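Structure first, then comments.
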Amino acid sequence: MIALLDANNFFVSCERVFRPDLMNKPVAVLSNNDGCLISRSNEVKALGVPMGAPYFKYKEILKDHNVAIFSSHFTLYGDMSGRMMDLIDSLVPRIEVYSIDEAFIDLSGVRDIEALCNHIRNLIWRSLGIPTSIGIAKTKTLAKVANHYAKRVPAFKSICYLKEDPRVDQALKLLSVGEVWGIGRQITKKLEGQGILTAYDLKRVDPRCMRQNFNVVGERIVRELNGVSCLELEDIEALKKSTQVTRSFSKTITELDELRSTIATYATRLGQKLREQGLVTKNVMVCIRTSKFRASDPQYANSHTMVLPSFVGQEGQLDLFSRHVEEPFQSEKLWEALDLVNKRYGRGTVFSAACGKGLTWKDQKKHLSQPYTTSWHHLPLVFAK
DNA sequence: TCTGGGGTCCTAGGACCC
DNA sequence: TCTGGGGTCCTAGGACCC
């Protein structure tokens with residue numbers, strides 16, 4: 001059996017840990033630059049504010065309902081996520097960290113599955129103050145279905161175990177096909193056109209037909225719905241295959257020089273990310289595009305990929321800027337020092353000339369919470385009477 | 001005025017090689 | 001009239017996920 005553990009409204013829950021006064025009150029977390037809503041408490045969902053909604057369009061409604069707003073604070077969420085994953089990992093044979101707030105858990109060999117899952121939930125709640133839901137079934141795709149019900153049906157008390165077939169089928173019949181993991185908007189449209197409306201209908205499709213009409217991904221989904229595992233738990237140590245830094249600029253850029261220095265500034269962050277994660281790369285791609293929301297303006301999008309000359313050995317980092325690749329050791333030390341300086345004295349303390357003056361604007365983050373778990377200066381104070 | 005950011009996998013087609 | 005077969009690698013684009 002496989003379990004999928006998922007934190008409820010994760011970013012909102014992280015903020016609430018340090019603001020217990022907001023428990024059971026409406027809370028929302030915004031995306032970068034305070035652009036969209038990316039996490040909503042149940043109270044906000046009940047107001048009908050959709051996921052990904054642009055903040056400025058819903059500002060009034062949110063204000064009218066006294067919704068507490070937070071700017072995104074990814075160092076906090078990342079840290080809380082790491083703690084949560086460590087807790088799970090300490091209790092089970094094997095996990096796959098699937099996203100910042102989700103993990104698949106291998107339950108093979110576990111005797112009392114429900115007891116273990118209860119224990120995991122309680123431990124995370126007691127240690128971190130994060131509420132979670134767990135779905136359990138034979139395959140990843142079915143565990144996702146189970147999790148869907150664990151979150152929505154109060155009678156399950158946040159744990160839904162889809163053990164035997166009549167129960168699985170019942171769950172699938174009540175689930176629309178578009179809610180199946182891996183079935184997105186485009187495929188939903190096509191399937192519905194063929195009269196396949198529920199997850200149960202999809203389960204009954206011939207997997208080979210699915211492969212012909214769609215692709216091997218669709219075939220796997222059908223098999224997984226039938227209890228045949230096609231998606232193994234993946235090695236969480238596996239190396240990342242790509243990494244990126246992308247931004248929507250909060251200011252329109254019209255001058256080439258400014259675009260150059262902006263891209264150089266973000267390229268610098270990408271370099272830091274690579275070094276932090278111990279990654280090396282052969283290709284670097286830069287993309288730019290105009291704002292798709294200004295439909296009346298002429299649109300432009302382009303990208304360029306550069307193949308870098310060589311690796312400098314497994315231990316070292318690829319030197320992005322120097323042509324003297326024959327001196328990897330020196331540049332490695334140099335970057336190490338630069339990273340340290342920038343870490344201690346703030347991003348952009350030392351930078352390459354290509355960055356010019358760096359960014360000529362600041363990202364909007366009007367509602368940022370304190371770095372409670374990642375800075376000694378911001379440890380919450382507790383007073384006892 | 002204001003609309004996120006970071007990933008994965010699959011497929012088709014072209015270039016090139018023997 | 002008729003023009004092989006089997007590979008690899010790369011790119012672009014599409015679809016999906018959180």
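Here the structure is a predicted model, which is why all the values come from computation and not from measurement.
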Watson-Crick and G-U pairing of DNA chain C written in dot-bracket, each distance under 3.5 angstrom, with | for inter-strand partners: ....||||||||||||||

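Residue contacts for Phe74(A): at a heavy-atom cut-off of 4.0 Å it reaches no nucleic acid atom on any strand shown. Among the atoms of the strands shown, only primed sugar atoms or phosphate atoms (P, OP1, OP2) are found under 4.0 Å from some heavy atom of Arg294(A). As judged by a 4.0 angstrom heavy-atom cut-off over every strand, Ile183(A) is placed among residues touching the sugar-phosphate backbone only. Counting non-hydrogen atoms under 4.0 angstrom, Lys240(A) reaches the backbone sugars and phosphates but no base. Counting any heavy atom pair closer than 4.0 Å across all strands shown, Lys292(A) reaches no nucleic acid atom.
Annotation: of the two residues near DNA chain B, Phe293(A) and Thr243(A), the 5′-most nearest-nucleotide partner is Phe293(A).
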Between the protein and nucleotides 8-10 of chain C, which nitrogen or oxygen pairs are less than 3.5 angstrom apart?
none

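In this structure, of dT3(B), dG5(B), dG6(B), it is dG6(B) that holds the atom nearest to the side chain of Lys273(A). Comparing dG7(B), dT3(B), dG4(B) by their nearest atom to the side chain of Gln244(A) picks out dG7(B). Checking dC17(C), dT3(B), dG4(B) against the side-chain heavy atoms of Lys144(A) singles out dC17(C) as nearest. Closest to the side chain of Val216(A), from the set dT11(B), dT3(B), dC18(C), is dT11(B).
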Before giving the answer on ring-ring contact (aromatic ring centres under 6.0 Å, His included), spell out for Phe11(A) and Phe70(A) the whole-Å C-alpha distance, their side-chain angles and the decisive distance to 0.1 Å. CA-CA 9 Å; Phe11(A) 301 161; Phe70(A) 289 91; over 10 Å; no

